[in-house]
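Have a look at the structure below, then the notes.
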Amino acid sequence: MRPIVALFILFIFSLIFHFCSINTPNFQFCDNFDRMLNCTEPRTSSDKIFLDRSQFKKLNPTWEDFGNFLYFTARETPGFRIQFEHTLSVKEKDEIKKEYKAKLSWLSTSERMEGFSLGDASLVSFHYLGALMKEEFRHQKIEKLPMNLESLGVIDLNYEYQIPGKAIESKKRSIQLLWK
């Protein structure tokens, strides 16, 4: 075999290995993380989230007020954690920091996930539910109307993320917000 052919084959195998080296075997819905990126509030694909009504102080609240409550007081942050099969190399971390994308969608609103942290063998992403909902309420032109939590029913969220060299992944989660 000619040296140039052998080098070409070696190059192709190294590319294949590189793009297949970042695996995502362990996806976990999680709404809160500690400093080591461990999940402290694990969730499932279908959850009931109980909100403390005594902390919602507005009289005659609107949907915009409710979005602010979710963002500033309840601090609901739907998110996820990915645990890789190996410790990430410096090169892999740099690629992820530059190219990783994640978004959260509800109805007609889709936003880039605000929170992102990368560890040695894991990453986490989250977004503020209040921000996403306020934007959707604006799209529907109901942000100034009186809110009624029960009328929301089940909220179907769609998470999308892409790790460099991998196809876009999509996960669905249904939540229901209820007063305690």
Is any side-chain heavy atom of [X] closer than 4.5 Å to a side-chain heavy atom of [Y]?
X	Y	result
Leu118	Leu88	yes
Ile175	Leu157	yes
Lys101	Arg112	no
Met133	Leu152	yes
Ile155	Gln176	no
Glu76	Tyr128	no
Phe33	Asn38	no
Leu177	Leu129	yes

Seminar exercise, completed: Residue set satisfying side chain to side chain contact (heavy atoms under 4.5 Å, CB included) with Glu99, at least two apart, ordered chain then number -> Pro164

For this session: With sequence neighbours excluded, tell me which residues meet side chain to side chain contact (heavy atoms under 4.5 Å, CB included) with Ser105.
Result: Ser110, Asn158

Which heavy atom of [X] sits nearest to which heavy atom of [Y], and what is that distance?
X	Y	value
Gln83	Ala121	NE2-O, 3.0 Å
Cys39	Gln28	CB-OE1, 3.5 Å
Phe84	Leu123	CZ-CD2, 3.9 Å
Thr44	Ser46	OG1-O, 2.7 Å
Glu136	Ser108	OE1-OG, 2.8 Å
Arg173	Gly79	NH1-N, 4.3 Å

For this session: Decide yes or no on side-chain contact (heavy atoms from CB on, under 4.5 Å) for Asp47 and Asp31, but give the supporting numbers first.
Result: CA-CA 11 Å; Asp47 290 305; Asp31 288 357; 5.9 Å; no

Working to the nearest 0.5 Å, report the span between [atom1] of [X] and [atom2] of [Y].
X	Y	atom1	atom2	value
Gln140	Leu145	CD	CG	10.0 Å
Lys180	Gln55	NZ	CD	7.5 Å
Asn148	Glu150	CG	CD	5.0 Å
Thr109	Lys134	OG1	NZ	13.0 Å
Glu143	Asn68	CD	CG	11.5 Å
Glu92	Asp94	CD	CG	10.5 Å

hydrophobic_cluster_shared for [Y] and [X], side chain cutoff 4.5 Å:
X	Y	value
Ile142	Leu132	yes
Met113	Tyr71	no
Ile49	Leu70	yes
Met147	Leu51	yes
Tyr100	Val124	no

Exercise. Can Lys171 be said to sit on top of Phe27's aromatic six-ring, NZ or CZ under 6.0 Å from centre and within 45° of the ring axis?
Worked result: yes

Over 60° means perpendicular and under 30° means parallel, so tell me whether [X] and [Y] are parallel, tilted or perpendicular.
X	Y	answer
Phe56	Trp179	parallel
Phe137	Trp63	tilted
Tyr161	Phe80	tilted

Exercise. Does the pair Asp65 and Lys57 meet the rule for a salt bridge (charged side-chain N to carboxylate O under 4.0 Å, His left out), with working shown?
Worked result: CA-CA 10 Å; Asp65 295 329; Lys57 309 274 187 212; over 6 Å; no

Flag if over 12 foreign heavy atoms under 6.0 Å of [atom1], [X]:
X	atom1	value
Asp156	CG	yes
Asp34	CG	yes
Lys93	NZ	yes

For [Y], is there an ion pair with [X] - N to carboxylate O distance below 4.0 angstrom?
X	Y	value
Glu160	Lys103	yes
Glu41	Arg43	yes
Arg138	Glu135	yes

For this session: Please step through side-chain contact (heavy atoms from CB on, under 4.5 Å) for the pair Asp52 and Phe69, ending with a clear verdict.
Result: CA-CA 10 Å; Asp52 187 349; Phe69 166 74; 5.7 Å; no

For this session: For Phe126 and Phe116, run side-chain contact (heavy atoms from CB on, under 4.5 Å): C-alpha distance rounded to whole Å, both residues' side-chain angles, the deciding distance at 0.1 Å, then the answer.
Result: CA-CA 7 Å; Phe126 68 88; Phe116 167 72; over 6 Å; no

Exercise. When you measure from the side chain of His127 to the backbone N and O of Leu104, does any donor-acceptor pair fall under 3.5 Å?
Worked result: no

Exercise. Can you list the steps and then say if Lys144 with Glu64 is a side-chain contact (heavy atoms from CB on, under 4.5 Å)?
Worked result: CA-CA 6 Å; Lys144 300 295 183 191; Glu64 184 175 34; 2.6 Å; yes

